[in-house]
Amino acid sequence: MPLAEKRSSLKGYLKRFEDQRSDIIAGKQEIDSWKNFKDMFVSIIDNDPKLSKVQKLQYLMSYVKDNAKRIISTLSITEENYEVAWAALVKEYDDKFTIVNSQIERFCNISNVTSPTASAITELYSTAGSVLNSLDALDVKGRDPWIIYFLLSKLDQETKRL
């Protein structure tokens, strides 16, 4: 394949990935965004047989930041290091204990409903539902009593009476 055609092809991949991309972001949210990033990256970049490992590593390095970038930033861009970089990120972010703790912390930090508005209750419901779905996907059981307690503690008195 001629060099100009390769460049054009890479630009197409980059555009497709940027349209759907989900950066790994700083702090606590790194754990929450990892699954989205991983699934998207694997689907669009990693599973593409037309891309070399060097190209995949270049994409990987360009789409991570903060701690994830620090983990792989010292690696040279070589065929062998793509596997090393990917394994390092999986080791850091695919840890079930860390993911579960992050979800429970997210649940515990749901904002209090201070007035019985539809948007406040919807936010409470959607965040709780998202966490519960994540815990279900991880096959985490035996949590119902603490979930009910914490959800009730987040409601204002008027809403509790309803």
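- Of the inter-residue distances, the one linking Asp48 atom CG with Gln55 atom CD reads 9.0 Å to the nearest 0.5 angstrom.
- Considering CG of Leu75 and CG of Leu60, their distance stands at 9.5 Å, rounded to 0.5 Å.
- In the displayed structure, Lys96 atom NZ is contacted under 6.0 Å by more than 12 heavy atoms of other residues, nucleotides or ligands.
- Considering only heavy atoms from C-beta on, Ser115 stays 4.5 Å or farther from Asp156 through its side chain.
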Task: Test side-chain contact (heavy atoms from CB on, under 4.5 Å) applied to Phe107 and Lys154, step by step - done: CA-CA 10 Å; Phe107 185 89; Lys154 300 294 181 181; over 6 Å; no

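- Residues Ile72 and Val90 are members of one and the same hydrophobic cluster, defined by side-chain heavy-atom contacts under 4.5 angstrom among Ile, Leu, Val, Met, Phe, Trp and Tyr.
- Looking at every heavy atom in both residues, Lys38 comes nearest to Asp94 through NZ-OD2, 2.7 Å.
- Atom CG in Asp46 sits 3.5 Å away from atom OH in Tyr82 (nearest 0.5 Å).
- With no hydrogens or angles considered, a side-chain donor-acceptor pair links Glu123 and Thr127 at under 3.5 Å.
- Under the rule for a side-chain hydrogen bond (donor to acceptor under 3.5 Å, both in side chains), the partners of Glu83 that lie at least two apart in sequence or sit in another chain are Lys53.
- Judged by distance alone, with hydrogens and angles left aside, the side-chain atoms of Asn112 form no donor-acceptor pair with the main-chain N or O of Thr114 at under 3.5 Å.
- Asn67 places a side-chain heavy atom less than 4.5 Å from the side chain of Glu92.
- In this structure, Asn133 contributes its side chain and Gly129 its backbone to a donor-acceptor pair below 3.5 Å.
- Here the CD1 atom belonging to Ile121 is positioned 12.0 Å from the OG atom belonging to Ser126, to the nearest 0.5 angstrom.
- Both Met61 and Val42 belong to a common hydrophobic cluster when Ile, Leu, Val, Met, Phe, Trp and Tyr are linked at side-chain heavy-atom distances under 4.5 angstrom.
- Pairing each heavy atom of Ser76 with each of Leu57, the nearest pair is O-CD2, 3.6 Å.
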Task: Worked verdict on Tyr93 versus Phe37 for side-chain contact (heavy atoms from CB on, under 4.5 Å) - done: CA-CA 11 Å; Tyr93 296 108; Phe37 175 85; over 6 Å; no

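- Expressed to the nearest 0.5 Å, how far CD1 of Ile45 lies from OH of Tyr63 amounts to 7.0 Å.
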Task: Worked verdict on Arg106 versus Ser130 for side chain to side chain donor-acceptor pair (under 3.5 Å) - done: CA-CA 10 Å; Arg106 187 170 157 224; Ser130 173; 3.0 Å; yes

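- Note that NZ of Lys69 and CG of Leu89 are 11.0 Å apart. Values are rounded to the nearest 0.5 Å.
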